[in-house]
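For this chain, numbers begin at 1 and follow the sequence in order.
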Amino acid sequence: MLEKIGLSPGSTIYTGDIEKENPLISITTFDLQNVDSKNYESIEETLRAYSNISKDTKAWIHIEPISDEEKIAKLCSLFNLHSLVAEDILSVNHRPKVDEYDDYIFVVVKYAVFENHVLNFYQISFVLKGNQVICFADKSPDRFSIIQKRLEKLESRGRKSGSQYLLFALIDLIVDDYFLVLEEISEEIEDLEDEIIYSPTKRSIEHVHLLKRNLTNLKKSIWPMREVINTLMRSDSIEDQYRMFYKDLYDHIIDIIDIIEGYRDSVSGFLDIYLSTLSNRMNEIMKTLSIIATIFIPLSFLTGYFGMNFKAQTILESASAYHWTNLSMIAIPLALLGYFKLRKWF
């Protein structure tokens, strides 16, 4: 973000960490009878293909990655998008939001990926413009191949419906991926709970803090989605027949937020469990050491008392003194162990 300081509004600067790469542009046109999908790597080819698409044709345009800011800026100009929209597309640290313009709706969402205990977010921007859905993805779930396969089915809802349903399907897939992330986090929480109860280490505490941070970031990413979907439901650009789908999507987001809150409470309680487990282990250690010390106290007394330099040592001068001493030093520990066992001290 530092490179944008001082620049005028609408400056197209990519703020992500993906290396500069030529974007792959796929254009899919569809209707009840046909689905046609083609990929383009140059702006010129995309311009020719896009100019042949009529306003009445249902089209889905997917652009990924967006690390080449110059080409993304040209594409935004090709699609007649506002300069502030182009800026927001390339500024990948935006929180989810929706902006309504005269002839299109601009939507920003976050795609979550959980790998190797690390949670990463990638920005995906959508433009709903008439019968067209334009998608700019920093990284997407396999370029939405699942949605592509749905469109290829003859009787699929996506082919029967318009671009407003397609936008719902794309966002719904991103939201569904949050459930997969939560499932992986749930497994980590279960493993961490067993680790803390049975074999806590300093690494356990680090893992607890990492999980809390991931859940906090996850909530920051999904929480604004409520307002995004709520705005889409109330938008005049969305037809009534599609509002129920967005309402269902809103319910899914509420479920995700509730799950996140439950996980955060569980992880927060792990610190108390960790301290309690360490305290119990310390108590067990102290009890063991106390038993050992108690056993050796009378033995130390015997050896210390009869080890003093007395002139008259009648007891030690007897013939059986050695055997009685050894017998006492064996009997006393056994008697103490029996007493401790009877009291259930171990």
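The closest side-chain heavy-atom distance from I238 to M233 is not below 4.5 Å. Contact of the E155 side chain with the K160 side chain is registered, since non-hydrogen atoms from C-beta on lie closer than 4.5 Å. Residues V98 and V108 form no side-chain contact, since every pair of their non-hydrogen atoms from C-beta on lies 4.5 Å or further apart. Here the side chains of M244 and D248 are not in contact, with every heavy-atom distance at 4.5 Å or above. L78 has its side chain within reach of L75: a pair of non-hydrogen atoms, C-beta onward, lies under 4.5 Å apart. You'll find the side chain of Y14 stays beyond 4.5 Å of the side chain of D68, heavy atoms only. The shortest distance between side-chain heavy atoms of D251 and Y246 does not fall below 4.5 Å. Considering only heavy atoms from C-beta on, S235 comes within 4.5 Å of I105 through its side chain.
At least one donor-acceptor pair closer than 3.5 Å links the side chain of T294 to the backbone N or O of S290. Although no hydrogens or angles enter the test, the distance criterion places a donor-acceptor pair under 3.5 Å between the side chain of D31 and the main chain of N34. Judged by distance alone, with hydrogens and angles left aside, the side-chain atoms of Q164 form a donor-acceptor pair with the main-chain N or O of E239 at under 3.5 Å. The closest donor-acceptor contact from the side chain of S42 to the backbone of E45 lies under 3.5 Å. The backbone N or O of L90 lies less than 3.5 Å from no partner atom in the side chain of Q123, so there is not a single donor-acceptor pair. Panel note: side chain S26, backbone K38; no donor-acceptor pair is recorded below 3.5 Å. With S204 contributing its side chain and T201 its backbone, the two residues share a donor-acceptor pair below 3.5 Å. In this structure a side-chain-to-backbone donor-acceptor pair under 3.5 Å is present from N217 to R213. A donor-acceptor pair is defined here as one N or O able to donate and one able to accept, closer than 3.5 Å; no such pair exists between the side chain of R226 and the backbone of I254. Put simply, the side chain of R150 never gets that close to the backbone of G158: no donor and acceptor are under 3.5 Å apart.
Residues that satisfy the ring-ring contact (aromatic ring centres under 6.0 Å, His included) test with Y250, not counting sequence neighbours, are absent from this structure.
Minimum heavy-atom separation, D177 to P141: OD2-CB, 3.3 Å. Minimum interatomic distance between I124 and C135 (heavy atoms only, all atoms of both residues): CG2-SG, 3.6 Å. Pairing each heavy atom of L151 with each of V35, the nearest pair is O-CG2, 3.2 Å. Closest non-hydrogen pair, N131 versus K55, comes out as ND2-O, 3.0 Å. When all heavy atoms of Y178 and S221 are compared, the pair lying nearest together is OH-OG, 2.6 Å. Here the closest heavy-atom approach between residue H82 and residue Y101 is recorded as CB-CE2, 4.0 Å.
Ring-plane geometry between Y50 and F79 is classed as perpendicular, the angle between the planes exceeding 60 degrees on a 0 to 90 degree scale with a lower cut at 30.
Within a 6.0 Å radius of CD1 in I146, other residues, nucleotides and ligands contribute 12 heavy atoms or fewer. Few gaps surround CD on E184; more than 12 heavy atoms of other groups in view lie less than 6.0 Å from it. Heavy atoms of other residues, nucleotides or ligands lying less than 6.0 angstrom from CZ of R95 number 12 at most. For NZ of K74, the number of neighbouring non-hydrogen atoms (other residues, nucleotides, ligands) closer than 6.0 Å is 12 at most. Heavy-atom neighbours of E152 CD from other residues, nucleotides or ligands within 6.0 Å: above the threshold of 12. Residue F179 qualifies as enclosed at atom CZ: its count of foreign heavy atoms under 6.0 Å is above 12.
Residues V118 and F114 do not share a hydrophobic cluster, defined by chaining ILVMFWY side chains whose heavy atoms lie under 4.5 Å apart. Follow the hydrophobic side-chain contacts under 4.5 Å out from I332 and you reach F296 in the same cluster. Note: the hydrophobic cluster containing V267 also contains I205 (ILVMFWY, side chain heavy atoms under 4.5 Å, direct or indirect links).
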- Item | Chi angles and distances behind the side chain to side chain contact (heavy atoms under 4.5 Å, CB included) call for L218, F121 | CA-CA 9 Å; L218 197 62; F121 295 95; 4.0 Å; yes
- Task: Go through the steps for F106 and F126 under the test side chain to side chain contact (heavy atoms under 4.5 Å, CB included), then give the verdict.
- Result: CA-CA 6 Å; F106 176 61; F126 297 101; over 6 Å; no
- Query: Should I253 and I229 be marked as a side chain to side chain contact (heavy atoms under 4.5 Å, CB included) after you check the CA-CA gap, both sets of side-chain angles, and the distance that decides it?
  - Reply: CA-CA 9 Å; I253 292 172; I229 303 304; 3.5 Å; yes
- Message: The test is side-chain hydrogen bond (donor to acceptor under 3.5 Å, both in side chains); show your working for E87 and T12 and say whether it passes.
- Response: CA-CA 5 Å; E87 179 185 10; T12 51; over 6 Å; no
- Task: Could you walk me through whether I72 and C76 pass side chain to side chain contact (heavy atoms under 4.5 Å, CB included), step by step?
- Result: CA-CA 6 Å; I72 298 301; C76 290; 4.2 Å; yes
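Under the 4.0 Å criterion applied to side-chain N and carboxylate O atoms, R203 and E195 are assigned as salt-bridge partners. Salt bridge annotation for R264-E261: present, with a cationic side-chain nitrogen under 4.0 angstrom from a carboxylate oxygen. Salt-bridge check for K20 with E69: failed, with every basic side-chain N at 4.0 Å or more from each acidic carboxylate O.
Counting only residues at least two apart or on different chains, the side-chain hydrogen bond (donor to acceptor under 3.5 Å, both in side chains) pairs with a member in residues 112-122 are H117-E188.
Atoms CG and CG, on N39 and L24 in that order, are 4.5 Å from each other to the nearest 0.5 Å. Atom CD1 of I53 sits about 5.0 Å away from atom CD1 of I61, to the nearest 0.5 Å. Separating the NE2 atom in H252 from the CD1 atom in I257 is a distance of 13.0 Å, to the nearest 0.5 Å. For the atom pair OG of S266 and CD1 of I185, the computed distance is 12.0 Å after rounding to the nearest 0.5 Å. Taking CD1 of I89 as the start and CD1 of I134 as the end, the distance is 8.5 Å to the nearest 0.5 Å. Atom OG1 of T46 and atom CD1 of I25 lie 3.0 Å apart (nearest 0.5 Å).
A donor-acceptor pair shorter than 3.5 Å can be found between the side chains of Q148 and T28. Side chains of N22 and K71: a donor on one and an acceptor on the other come within 3.5 Å. Of the N and O atoms on the side chains of S268 and D265, not one donor lies less than 3.5 Å from an acceptor on the other residue. Between N230 and R234, the side chains place a donor N or O and an acceptor N or O closer than 3.5 Å (distance only, hydrogens not considered). Side-chain N/O atoms of Y104 and D99 include no donor and acceptor closer than 3.5 Å.
Just one of N52, T57, D56 meets the side-chain hydrogen bond (donor to acceptor under 3.5 Å, both in side chains) condition when paired with S54; it is T57.
The ring of F245 has its center closer than 6.0 angstrom to the ring center of Y165.
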